[in-house]
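Working notes, structure below.
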Amino acid sequence: AFLIALHVFPGPSAWSKDYPIAEGPRQSPINIVPDEAVYDANLPPISLNYDNCTSINISNNGHSVVVEFDDADDRSVIQGGPLNNAYRLKQFHFHWGGKGCHGSEHTVSGKTYTSELHLVHWNAARYGSFGEAVAASDGLAVLGVFLEIGDEHRGLHKITDALYMVKFKGTVADFRDFNPKCLLPRSLGYWTYPGSLTTPPLYESVTWIVLAEPIEVSEKQMGKFRTLLFSGEEEEVRKRMENNFRPPQPLNGRAVRSNFQ
Ligand SMILES: NS(=O)(=O)c1ccc(C(=O)NCc2c(F)c(F)c(F)c(F)c2F)cc1
Ligand SMILES: [Zn+2]
């Protein structure tokens, strides 16, 4: 049964067969070791300008739940930090576990969090579309935010209350006027390193910016993520969407820098 499972829905360990870059030099996620991170006093703060962002929809793509934004102009961008120009917000999505405290993609000295939010931005100063930027070494900037179990998160409610509309793979629903700024922790202290997409095609095109301070969400809110399904409405076998995270990959000598001591 295990071998059938591996064949039917190949997990991360099987990706290198179809995507040899899975064993490339700058893969993500990684285990971040704060004591080995290089404090870089020249790293400016991250600047997020989401005030005029336009969310469009929320969808279940069979891997995660994704909120897409209108990226036709520079209305919502991230800049500063390790970035040489403004990167446009395209979408955000989450990775999470089953019950318990694993589920994040990045780990911190081996510690896993219950979930990880990824805000995906692309370099519109240099590339004409997300599809073009996604394969370029400086094409993407992903802001990672850890989620840990604690008090209920008021900003997350709008998302968890919409999940019932996108239970099945391939479902999409309107999702307007959501500003992801409410999902950020108080501090924007971060680690940054050159990495990749954490799902196929695993392109090594991501400047990762991982915030050190987690946000708190309740077990009840996380439970709603686990009511999503990997499977489509027509499939007879229902597979709960959980554990959609890739484990940490070799650092291969990359420097992880921090803007805090
Ligand atoms: N977990 S993460 O590292 O933050 C991550 C971020 C974005 C994507 C993504 O956009 N995939 C779909 C996708 C592609 F993978 C493409 F290569 C492409 F050209 C697309 F247009 C596209 F939507 C995958 C993983
Ligand atoms: Zn992700």
Side-chain angles (χ1 to χ4, degrees), residues 10-12 15-16 18-22 24-32 46 48 55-72 76 78 82-83 87-97 102-107 112-124 126-147 159 169-170 172 180 183-184 190-211 214-215 222 225 228 230 241-249 254:
W15 288 345
S16 56
D18 297 318
Y19 303 94
I21 201 168
R26 58 173 276 194
Q27 288 291 292
S28 292
I30 59 167
N31 176 45
I32 296 166
I46 289 292
L48 292 164
S55 64
I56 299 169
N57 62 36
I58 188 167
S59 64
N60 175 337
N61 65 8
H63 310 289
S64 180
V65 56
V66 187
V67 173
E68 297 261 5
F69 288 81
D70 173 357
D71 61 349
S76 32
I78 184 173
L83 305 172
Y87 284 60
R88 249 179 231 174
L89 177 64
K90 164 84 177 149
Q91 54 106 320
F92 68 78
H93 62 273
F94 299 83
H95 302 265
W96 61 90
H102 68 282
S104 62
E105 298 212 298
H106 291 90
T107 56
T112 61
Y113 287 87
T114 198
S115 175
E116 188 171 328
L117 160 64
H118 288 159
L119 292 135
V120 183
H121 309 75
W122 59 281
N123 189 340
R126 293 200 60 193
Y127 305 102
S129 69
F130 176 80
E132 195 189 327
V134 74
S137 62
D138 61 348
L140 301 186
V142 181
L143 183 65
V145 183
F146 292 121
L147 280 66
I159 293 170
K169 174 178 176 181
V172 190
L183 298 178
L184 301 178
Y190 63 85
W191 295 289
T192 182
Y193 76 96
S196 74
L197 298 181
T198 64
T199 58
L202 301 170
Y203 288 138
E204 297 187 328
S205 58
V206 182
T207 298
W208 277 96
I209 299 166
V210 180
L211 298 185
I215 60 170
M222 281 318 304
F225 280 93
L228 296 167
F230 281 124
M241 186 178 278
E242 57 185 19
N243 299 313
N244 55 355
F245 61 89
R246 187 189 193 189
Q249 302 300 307
R254 284 174 284 178

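One-based numbering, in listed order, for ligands and for the atoms of each.
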Sub-3.5 Å donor-acceptor pair from the side chain of His106 to the main-chain atoms of Ser104, do we have one?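 No, the answer is negative, given that no donor and acceptor are paired below the 3.5 Å cut-off.
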Taking Val134's backbone N and O only, do any of them form a donor-acceptor pair with Ser205's side chain (distance below 3.5 Å, no angle check)?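 Looks like yes, one N/O pair under 3.5 Å.
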Look up atom [atom1] in [X] and atom [atom2] in [Y], then write down how far apart they are to the nearest 0.5 Å.
X	Y	atom1	atom2	answer
Thr192	Leu211	OG1	CG	10.5 Å
Ile21	Ser196	CD1	OG	7.5 Å
Tyr190	Leu143	OH	CG	10.5 Å
Ser16	Gln27	OG	CD	10.0 Å
Phe225	Asn244	CZ	CG	10.0 Å

For atom 15 (F) of ligand 1, is the nearest protein heavy atom under 4.0 Å away?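 Under 4.0 Å from atom 15 (F) of ligand 1, at least one protein heavy atom found.
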Strictly less than 4.0 Å: does any protein heavy-atom distance to atom 25 (C) of ligand 1 fall in that range?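 For atom 25 (C) of ligand 1 the answer is yes, since some protein heavy atom falls inside 4.0 Å.
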Between Phe92 and ligand 1, find which residue part has any heavy-atom pair under 4.0 Å and reply side chain, backbone, both or neither.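 The answer is neither; Phe92 stays 4.0 Å or more away.
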Checking contacts here: is it the side chain or the backbone of His95 that comes within 4.0 Å of ligand 1, counting heavy atoms only? Could be both or neither.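 Looking at His95 and ligand 1, just side chain atoms fall under 4.0 Å.
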Distance from [atom] to nearest protein heavy atom, with residue and atom:
atom	value
atom 1 (N) of ligand 1	Thr198 OG1, 2.8 Å
atom 7 (C) of ligand 1	Gln91 NE2, 3.7 Å
atom 18 (C) of ligand 1	Val134 CG1, 3.8 Å
atom 13 (C) of ligand 1	Phe130 CE2, 4.3 Å
atom 17 (F) of ligand 1	Tyr203 CE1, 3.3 Å
atom 8 (C) of ligand 1	Leu197 CD2, 4.0 Å

N or O contact, Trp208 vs ligand 1, cut-off under 3.5 Å: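 In this structure, Trp208 places no N or O atom under 3.5 Å from an N or O of ligand 1.
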Would you please say whether a donor-acceptor pair under 3.5 Å links the side chains of [X] and [Y]?
X	Y	answer
Asp138	Tyr127	yes
Trp122	Asp71	yes
Ser28	Trp208	yes

Contact atoms of ligand 1, heavy-atom distance to [X] under 4.0 Å:
X	result
Pro201	15 (F), 17 (F)
His93	1 (N), 2 (S), 4 (O), 5 (C), 6 (C)
Thr199	24 (C), 25 (C)

Only one of His118, Glu116, Arg246 forms a side chain to side chain donor-acceptor pair (under 3.5 Å) with His95, so which one is it?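 The option that passes is His118.
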For the Zn ion (ligand 2), what is the closest N, O or S atom on His118?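 It is ND1 of His118.
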Close approach of His63 to ligand 1, heavy atoms, under 4.0 angstrom: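 The answer is no: ligand 1 sits nowhere under 4.0 Å from a heavy atom of His63.
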Between ligand 1 and Val142, can you find any atom pair, the residue atom being a heavy atom, that is separated by under 4.0 Å?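 Within the 4.0 Å threshold, so yes.
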